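If you're wondering where the values come from, they're calculated on a predicted model, not measured in any experiment. Every chain is numbered from 1 and lettered A, B, ... according to where its sequence line falls, protein lines coming before strand lines.
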Amino acid sequence: MLLAKLRSYVDSLLHRSRREDEIADELQFHVESRAADLERNGRGGLTHAEALRQARVEFGGVETHRADIRASLGLRWMDELGVDLRYAWRMLGRSKGFTAVAVGSLALGIGANTIIFSLAKGVLLDRLTVPHPEQLRQIAIDAGGDKSRAHSFWGSWDDVDGKTQATLMTYPIYRLMAQQNREHPVVEDIFAFKDLGQFDRLTATVDGHAHVVTGQMVSGNYYGQLGVRPQIGRSIEPVDDGTAGTGNVVMISDGMWARVFGRSPDVVGKTMLLNLVPMTIVGVNPPGFTGASAVQIEPDVFFPLSMQPVLVPMTMDNKHHPSVLDNTELWWVQTMARAKPGVSAATAQAAMTTWLDQDVKATMKAEKDTVNPTVSVLDGSQGIREANREFSTQLYVLATLTGLVLLLACANLANLLLARSAARQREMAVRLALGASRGRVLRQVLTESLLLSSLGGAAGLALGYAGRNVIPHMYTAPWQAGSLHADFDWAICAFTVAVSILTGVLFGVVPAWQATRTQVNAGLKDAAASATRRRKGLTGRGLVVIQIALSMLLVVGAGLFVATLRNLSKEHLGFDPQNILLFSVQAPAARYPSPKDVQLYERIEERLGRMPGVTGVTLSREAVLAGGASNLPFIPTDQPKRNGHDGIAWVQDVGRDFFGVYRMPLLYGRNFSSADTSTSQPLVIVNEALVRSFWPHENPIGKTVKMDRNDARIFEVAGIVADAKYSQLNGKVPPTAYRLYNQMDQERDMTFEVKTPLPPSDVLPRIRAAVAEIDRDVPVRDVRTQEAQIAATISQQRTFAVLTGAFGVLALVLACIGIYGLMAYDVARRTNEIGIRIALGARAGQMLRMVLHEVSWMAVVGIGAGLAASLLLTKYVKSMLYGLTATDPWILAGAGAILLTVALLAGWGPARRASRVQPMEALRHE
Amino acid sequence: MPDQLDLMQGTLDMLILKAVSLGPLHGYGVLLRIQQISGEQLAIQQGSLYPALFRLEHQGVIASEWGESENKRKAKFYRLTAAGRKQLRAETEKWNRMAELMAGILSTTPEEI
């Protein structure tokens with residue numbers, strides 16, 4: 001029966017006019033047949049006209065029957081919906097101001113939610129673009145705490161329950177485990193890769209043009225195990241990942257193919273220089289493939305791990321040994337595998353932990369009192385997800401805030417609609433009197449609300465689409481490639497539709513319910529007062545209290561994040577960041593094996609120093625306040641081992657003029673000078689924090705230290721410099737040791753710092769020309785000012801401050817409108833009462849105070865509720881704040897004061913109107 | 001003719017099904033046939049006939065198609081479907097059971113309690 005009904009529905013909908021004609025014909029036939037019978041058999045011979053008339057009378061009202069027929073066909077609801085929609089459209093058209101405000105606030109609320117959702121979906125839900133990503137598992141290690149055997153890492157790690165967890169292996173151990181797994185499989189074949197990210201970019205030279213590209217090193221079975229096929233050409237195969245230093249093949253991303261090669265099909269087989277090493281392009285990745293590390297960022301080039309010593313040389317212990325493929329101490333390569341059907345994660349984890357233990361014992365030197373790391377098998381469907389944990393928290397906070405804003409808009413609308421529905425009492429009473437059921441009236445009012453929310457939703461969708469990249473842009477620095485981008489797809493549209501409907505129901509249900517409770521008798525009478533007045537007042541006030549509470553929450557949030565930004569911006573840097581232009585240079589290892597790379601930097605430094613307009617030139621291993629850092633064991637020769645393990649210092653290899661360019665005061669001893677060269681005594685200048693940590697009661701000048709167990713050199717402490725921020729703004733300045741880069745054997749890339757009062761646009765072309773003169777194939781990368789760099793490190797805090805600030809302002813505006821609307825309506829309704837009061841002797845000022853009293857008690861209750869909510873919820877954002885607690889009393893008090901002021905201001909207008917009521921007018925106005 | 005009885009609630013559907021089961025009919029024909037087989041003893045509202053017909057067609061127990069009437073006019077003919085036959089059988093059985101039950105109850109004498 002259901003199927004038949006469905007078919008009938010569809011038929012009625014599709015062939016509407018034909019149906020109508022058929023029904024008309026059928027009924028006509030009936031009447032005429034009856035008339036014919038009457039004519040024939042009727043008593044006393046009726047004429048044709050009389051017979052027809054009688055037949056019609058017998059049949060009854062045709063229109064009623066047609067309506068009944070449509071009801072039988074189940075089409076009544078459609079007819080009624082059409083009627084309701086047309087009526088609602090007319091009503092909205094009549095009050096354009098209200099419609100504009102309503103649709104506008106809804107569009108903002110829904111649009112903001114759509115933007116956040118598309119971002120959240122991308123970060124939290126989207127998976128790697130490979131077949132069956134849910135099968136992928138990360139093979140991570142849990143390297144305990146201080147006593148762990150694993151203590152040398154290249155990569156990033158998470159702190160989980162106080163222990164370090166990272167998806168990093170030593171390369172020898174990876175090979176052993178892969179072999180062990182092949183013999184007794186607990187997962188499919190293990191594959192490995194290393195995403196080089198932003199810190200280890202490469203220079204790709206194509207047809208003489210140099211491009212800065214990001215890369216990912218992959219094992220031979222990477223593409224096979226992931227199941228990814230190239231668009232054109234072939235993928236990297238096990239035969240390419242052979243002996244260290246071989247395998248000059250590379251695959252490029254779809255993005256790079258479009259950008260650099262214009263999607264030309266003869267890219268396959270072309271030779272490209274990567275860091276001046278010739279590589280053959282064998283294939284192009286399919287579009288949307290972003291590697292195995294992250295979903296959002298697409299690396300440009302993929303090449304075999306065997307090429308690591310040539311393309312990404314790392315001289316850890318020995319300057320002549322750039323390979324880390326045989327390094328047994330460094331945990332760096334990322335490993336994943338597809339899950340094997342039938343083997344649980346726990347089983348795989350246990351087996352691999354045993355293998356890891358064996359492999360560590362087999363490859364690494366034994367150390368006393370250390371604990372071997374264990375294996376954790378983690379979900380790999382979204383890649384390594386390095387940044388995701390922190391970003392998830394931020395997303396949740398943003399999602400909550402936008403949800404609150406939408407709720408606020410709904411409360412506002414509900415209140416406005418309530419006021420409007422009160423004015424429509426008459427209309428509702430008439431409808432009910434004419435026979436509409438209460439359900440029918442409810443449906444009609446809800447349709448109006450849904451129409452409003454659909455309009456708001458459509459506008460919100462457009463807003464969401466237009467603004468989908470706003471937040472990602474706020475997060476990434478302009479000179480960094482590979483930004484996040486949010487995709488806009490059907491899931492997001494569906495989300496917006498769902499939110500619109502939900503919103504419509506949310507703010508529509510209260511006025512709709514009120515409409516059905518109209519007393520027909522009272523409504524039809526002329527009296528302004530009605531029996532339900534008391535209750536309606538409370539609903540309206542309740543909504544305003546909710547609005548104020550939500551606004552309070554949003555304003556407190558805004559206050560916290562804005563204050564965090566301010567605290568960070570005011571952090572004492574310890575140096576002068578003004579007028580310093582930054583850019584980085586990488587000496588390609590193929591042309592500049594150590595120590596030629598250091599000599600290249602020296603040449604550039606000297607050349608730039610001679611440039612007119614440049615007042616200072618220096619360079620450093622890590623750009624200041626760029627988030628990058630390196631540290632080494634710091635072992636004073638005159639101190640016994642502390643607590644069984646070595647102290648650590650954060651290290652900066654810098655040029656001679658570093659402290660001069662940055663205006664960092666040297667407190668004791670001497671600065672680096674031209675007397676310090678690669679052949680003289682290696683020096684180190686330390687900061688106050690380091691002195692406090694290592695020599696709290698002694699003068700360190702002249703003392704000697706070793707840095708890193710494997711480096712035989714002895715460094716002499718030449719001076720003490722004032723504390724200055726190193727890699728991040730928050731937190732204390734770490735103990736830092738500055739070495740002279742000229743005394744180092746090898747530096748892979750350096751950041752130059754040029755102090756000049758001239759604008760960058762002036763100086764930059766000359767800098768590029770100067771560097772090009774020295775070597776055409778060494779590009780100048782990542783140009784920005786030091787101040788821009790500092791601004792970029794707090795981009796997250798700034799984004800939040802801007803967003804929450806905007807939300808706070810929006811909340812205040814909505815609360816203002818809400819209070820004004822309610823009080824204005826209230827005063828209008830009570831004009832009578834106020835007129836009587838004044839006639840009986842009340843003064844204008846008392847009326848004013850009466851209204852303001854109403855407003856203030858609503859505000860106080862709302863602020864109180866908002867305060868309680870703030871105290872409960874702000875602890876979740878503790879980790880994102882800086883320099884203040886989550887329950888900072890100044891901010892809470894400030895927010896309350898702002899809201900109270902806004903509430904009183906909003907109520908001022910209606911209050912004045914109340915005080916100006918003329919008793920005669922009021923009493924006449926019935 | 002003795003006074004016609006008014007239709008009981010819900011029985012119109014059954015009557016239509018029965019009438020149509022005896023052979024395809026157009027709407028007017030259904031009316032005539034019901035009157036005929038009831039011996040002119042039922043009063044049927046002409047207007048409520050068509051909503052009932054459309055409802056039954058919507059449910060799929062009768063099917064319709066356009067054809068020619070006796071006097072060569074275009075008319076819509078209804079016939080019973082397989083589902084309709086089943087429903088008629090079920091309803092008839094239910095009605096008979098109900099009638100028997102009611103008759104039994106109504107004829108109870110004080111002695112049988």
Undergrad: Which atom pair, heavy atoms only, marks the closest approach of A/Ala4 to B/Gly60?
TA: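 Minimum heavy-atom contact is CB-CA, 3.8 Å.
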Undergrad: Flag yes if more than 12 heavy atoms outside B/Ile105 fall under 6.0 Å of its CD1 atom; otherwise flag no.
TA: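 Yes, because the 6.0 Å sphere around CD1 of B/Ile105 holds more than 12 heavy atoms from other groups.
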Undergrad: Please, which pairs that meet ring pair (Phe, Tyr, Trp, His ring centres under 6.0 Å) have at least one residue in residues 433-459 of chain A, sequence neighbours excluded?
TA: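 Every candidate ring pair (Phe, Tyr, Trp, His ring centres under 6.0 Å) pair involving residues 433-459 of chain A fails, so no pair, neighbours aside, qualifies.
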Undergrad: Does any pair with a residue in residues 491-508 of chain A pass salt bridge (Lys or Arg N to Asp or Glu O under 4.0 Å), and if so which ones, sequence neighbours excluded?
TA: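 Every pair satisfying salt bridge (Lys or Arg N to Asp or Glu O under 4.0 Å) with a residue in residues 491-508 of chain A: there are none.
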Undergrad: How long is the gap from CG on B/Leu49 to CZ on A/Phe59, to the nearest 0.5 Å?
TA: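 Rounded to the nearest 0.5 Å, the CG-CZ separation comes out at 8.0 Å.
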Undergrad: Tell me, side chain or backbone of B/Leu56 under 4.5 Å from chain A's heavy atoms, or both, or neither?
TA: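 Nothing of B/Leu56, per the 4.5 Å heavy-atom cut-off to chain A.
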Undergrad: By the salt bridge (Lys or Arg N to Asp or Glu O under 4.0 Å) test, which pairs, at least two apart or in different chains, include something from residues 505-516 of chain A?
TA: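 As it turns out, there is no salt bridge (Lys or Arg N to Asp or Glu O under 4.0 Å) pair with a partner in residues 505-516 of chain A once direct neighbours are skipped.
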Undergrad: Using only distance (under 3.5 Å, no hydrogens or angles), which donor-acceptor pairs connect chain B and chain A?
TA:
| unit_1 | atom_1 | unit_2 | atom_2 | d |
| --- | --- | --- | --- | --- |
| A/Ser8 | OG | B/His58 | ND1 | 2.7 |
| A/Glu26 | OE1 | B/Tyr78 | OH | 3.4 |
| A/Glu26 | OE2 | B/Tyr78 | OH | 2.6 |
| A/His30 | ND1 | B/Tyr50 | OH | 2.7 |
| A/His30 | NE2 | B/Gln46 | OE1 | 2.9 |
| A/Glu32 | OE1 | B/Arg73 | NH1 | 3.1 |
| A/Glu32 | OE1 | B/Arg73 | NH2 | 2.5 |
| A/Asp37 | OD2 | B/Tyr28 | OH | 2.5 |
| A/Glu58 | OE1 | B/Gln46 | NE2 | 2.9 |
| A/His65 | ND1 | B/Gly47 | O | 3.3 |
| A/Ser72 | OG | B/Pro51 | O | 2.9 |

